[in-house]
Amino acid sequence: MDESTRNAEFDKRIEEGTKIEPKDWMPEKYRNQLIRMMSQHAHSEVVGMLPEGNWITRAPNLRRKMALLAKVQDEAGHGLYIYSAAETLGASREDLVHQLLIGKAKYSSIFNYPTLTWADIGIIGWLVDGAAIVNQTMLAKCSYGPYSRAMLRICAEENFHKKQGYEIVCTLMKGTEEQKKMAQDALNRFWWPTLMMFGPHDSDSPNSATLLKWKVKKKTNDELRQHFVNITVPQARTIGLEIPDPNLKYNEETKNWEFGEINWEEFYAVIKGHGPCNKDRMKARNDAHENGSWVREASVAYAKKKQGKKVEKFLNVG
Amino acid sequence: MSDNEQLPVWEVFMQQKNGGPHQHVGNVHAADAEIALQNARDVYARRGGNGSIWVVPLETIYASGSDDEAPFFDPSDDKAYRHPNFYRVPKAVKNL
């Protein structure tokens, strides 16, 4: 079969809504775009553990601590699901991890912001995981089977992340003036970076059209962002929080919450490595990798030793 | 082991509930079967409620599906008579 027939057949399968599986033929660009997206996504899960890990030892009580530990552990698992799915496309785990460690790989810009107070943990669970769920619910329908299956699993687990975050914020909003201020301050700092998570405007998103055509994405960045704002504004208002956007207003006709312009300069600066915590995150990730090397070495030594025993036993019998 | 070397891949099959089939859920990297099983539990069964887990070395799985093998399923594709709705019987008859 020649290249153009193959391409046409592939497009037809996508059109019909057939899922693409690892051993199916696919255009190189489809494969590469997916590896790019999935590796960034996996790295985000892994780096995303760092801002929250910062508060595990300082959680205000045992209930909060258990929830946060479980959440952070989930994020590690989510990273793994997506790395596994990326491997089905021929990407090597070694290479993906290496790209992250040397600072070449991208991950969600939101994790380059610091978690200054306990309220940030609530706001992150509610907003950042909330935004991730909006994106991942769409990706659960994506045309690549392994990615879509990983997303289904992740979405099922992540609903607790969002709810525990919102619960933290609700509790603070029922507390002292100081606690309410702390929650509002956290929202003020995280609101805009959260909106940036959906990526550039559709008009500035060079990969969007192809990704939509191939049903890797089923909605545009701006559509997803609007949906997120629409569901989040009422949640903020219910507990007395004010969205830090003077231009926010409800449009009766479109039923959308219209919002102000994002600071794209900040977005691109953080992506390029100039966010508040980029260097800290990379250092923490490298330290963790280095400090964990003895575990990997020990498990290999143990496996070899056991393997040796098996061979010995076999030889004795023989 | 080099600093960044990855351990062998084990595909994970999980029985979601007692009596059900083992279904593929993903994979883990581990030096041996025992650790693979523990990793699989930590990664794919964090919320419990699972029957059992199998871990299978990736290189032992031989799969169909590359498009060079398109005629692979041909022998069964054209045998509609293997399905009950191939057969014509009076509609009024129940419990057939």
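Just so it is clear, the values below take in all heavy atoms, side chains as well, and ignore hydrogens, waters and symmetry mates. The structure presented is a predicted model; accordingly, all values stated were derived computationally and were not measured. Order of the sequence lines sets the chain letters (A, B, ...), proteins ahead of strands, with each chain counted from 1.
Of all the heavy atoms in B/Y44 and A/R153, the pair that sits closest is O-NH1, 3.7 Å. The shortest non-hydrogen separation linking B/V43 to A/L80 is CG1-CD2, 3.8 Å. Closest approach of B/A31 to A/S299, counting heavy atoms only: CB-O, 3.3 Å.
When each of A/H78, A/E21, A/Q73 is checked for heavy-atom pairs under 4.5 Å with chain B, A/Q73 comes out on top. For chain B, the option among A/A150, A/P22, A/A303, A/A70 with the highest count of heavy-atom pairs below 4.5 Å is A/A303. The candidate from B/V9, B/D42, B/V28, B/V25 with the greatest count of non-hydrogen atom pairs under 4.5 Å with chain A is B/V25.
Dense packing is recorded around CD of A/E16, with more than 12 heavy atoms of other residues, nucleotides or ligands lying under 6.0 Å away. No more than 12 heavy atoms of other residues, nucleotides or ligands sit less than 6.0 Å from atom NZ of A/K12. Heavy atoms of other residues, nucleotides or ligands lying less than 6.0 angstrom from NZ of A/K19 number more than 12. The environment of NZ in A/K215 is crowded: more than 12 heavy-atom neighbours from other residues, nucleotides or ligands sit within 6.0 Å.
Between the CG atom in B/D32 and the NZ atom in A/K305 there is a gap of 12.0 Å [rounded to 0.5 Å]. A/R296 CZ to B/I35 CD1: the interatomic distance, rounded to the nearest 0.5 Å, is 13.0 Å.
Ion pairing between A/D74 and B/R47 holds under the 4.0 Å rule for side-chain N and carboxylate O.
With 3.5 Å as the limit, one finds a donor-acceptor pair spanning the side chains of A/E87 and B/H29.
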